[in-house]
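Written below as structure tokens is the structure these notes are about.
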Amino acid sequence: MKIATWNVNSINARMHAVIEWLKTTNPDVVCLQEIKTIDETFPRLEIETLGYNIETHGQKSYNGVAILSKYPIEEVKTKLPGDDNDEQSRYIEAIIAGPKKLFRVASIYLPNGNPVFDENGIFTKKYEYKLNWMRRLKDHVAILLNDELPTVLAGDYNVIPGNKDVYDYKSWIGDAAFRKETHFHWRSLLNLGLTEAFEQMDNRPGQYTFWDYQRGAWQNNHGIRIDHILLSAQAADTIIDLVIDKNVRDGIKPSDHVPVIGTFDL
DNA sequence: ATGGTCGTCCCACGA
């Protein structure tokens, strides 16, 4: 069972790359982020032709998440609890009826949070929104873990976990992805008992999932590791492999993120 | 030393 996450930075702009990648990689489940379209204009047909069921939680111009699955998708939820005024489409979870058992998957697009400070030196609404979103995610995941269903929480977390996950950590210390407050909430989430798939399976320094379009970041390997697969104990017990598919960053009209793919005995 | 990106949807804004 291959379960992947990929921030595509617009599904409609990325269709050529996405279709090529689906054909060559043949994942069973894909968590997409930044589809940047409403549900009605998601390019369903071409993806369904490749054998996928599709659930989307879209938004005009910004954000938007989706789950693709070769197996039936059940019990879809698109609201992260804790803020009734939150209009941003950043979360979708579902139960997948896999060949061996049921498991849960969530596609997560955690807020970027920059800029951190306003002109008066206090936290911006954007950074407060990020921190609050992380609190809400932790509270919700705590509830999800109660039913002991294998759970795979995959997405663009906009969090650089440690110094080894960025090309030059000193230049990132003030960034919303690397601040101490962000790291505090990240550890708090993991301390629920989640396993970071990359840390369990690989753990090498310099393994990145995002390279900015600007300043020749890809050519200079100025990357950061911000796309993650977090696992409940029941899912972590079944992981066999974890791959960052960095080759696609070299393709035609690439996303600035590359897929992260976990293989599971599920 | 400096400028250098992309997507959305037409204008800046978000990343």
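Just so you know, these numbers come straight off a predicted model, no measurement behind them. Every chain is numbered from 1, with letters handed out A, B, ... down the list of sequences.
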For B:dT8, does OP1 or OP2 lie under 4.0 Å from any side-chain N or O of A:Ser10? yes

Provide, to the nearest angstrom, the distance between the CG atom belonging to A:Asn12 and the P atom belonging to B:dG7. 12 Å

Return the value, rounded to whole Å, for the distance between atom CG of A:Asn63 and atom C1' of B:dC13. 13 Å

Sticking with atom P, work out how far B:dC11 lies from B:dT5, rounded to a whole angstrom. 23 Å

Calculate the interatomic distance between A:Asp212 atom CG and B:dC6 atom C1'; express it in whole Å. 9 Å

B:dC9 and B:dG14: how far apart are their C1' atoms, nearest whole angstrom? 14 Å

Measure CG/A:Leu32 against P/B:dG7 and give the value in whole Å, please. 16 Å

Length of the line joining A:Leu110:CG and B:dA15:C1', which is rounded to integer Å: 14 Å

If you assign each of A:Arg14 and A:Tyr109 to its closest nucleotide in DNA chain B, which residue comes earlier from the 5' end? A:Arg14

Salt bridge flag under 4.0 Å for residues A:Glu93 and A:Lys79: no

Side-chain atoms of A:Tyr62 come closest, of B:dC6, B:dC13, B:dA15, to B:dC13

In whole angstrom, give me the gap between the C1' atoms of B:dT8 and B:dG3. 24 Å

Aromatic contact, A:Phe117 with A:Phe123 (centres under 6.0 Å): yes

Output the rounded distance in Å from CZ (A:Arg215) to P (B:dC6). 13 Å

Respond yes when some side-chain nitrogen or oxygen of A:Lys36 is under 4.0 Å from OP1 or OP2 of B:dC6, and no when none is. no

Nearest heavy atom decides the nucleotide; on that basis, is A:Lys126 or A:Asn9 closer to the 5' end of DNA chain B? A:Asn9

Please determine, for the side chain of A:Lys253, which listed nucleotide (B:dA15, B:dG7, B:dC9) has the closest atom? B:dG7

Using the ring-ring contact (aromatic ring centres under 6.0 Å, His included) criterion, which residues pair with A:Trp186? Sequence neighbours excluded. A:Tyr157, A:His228

Output the rounded distance in Å from CG (A:Asn7) to C1' (B:dT5). 15 Å

Side chain of A:Tyr213: nearest nucleotide among B:dT5, B:dA15, B:dT8? B:dT5

Starting at atom OH of A:Tyr127, determine the distance to atom P of B:dG14, rounded to an integer number of angstrom. 18 Å

Under the 6.0 Å and 45° cation-pi test, does A:Arg90 pair with A:Tyr109? yes

Same apolar cluster: A:Leu131 and A:Ile108, side chain cutoff 4.5 Å: no

Using OP1 and OP2 only, check whether a side-chain N or O of A:Ser61 sits under 4.0 Å from B:dG14. no

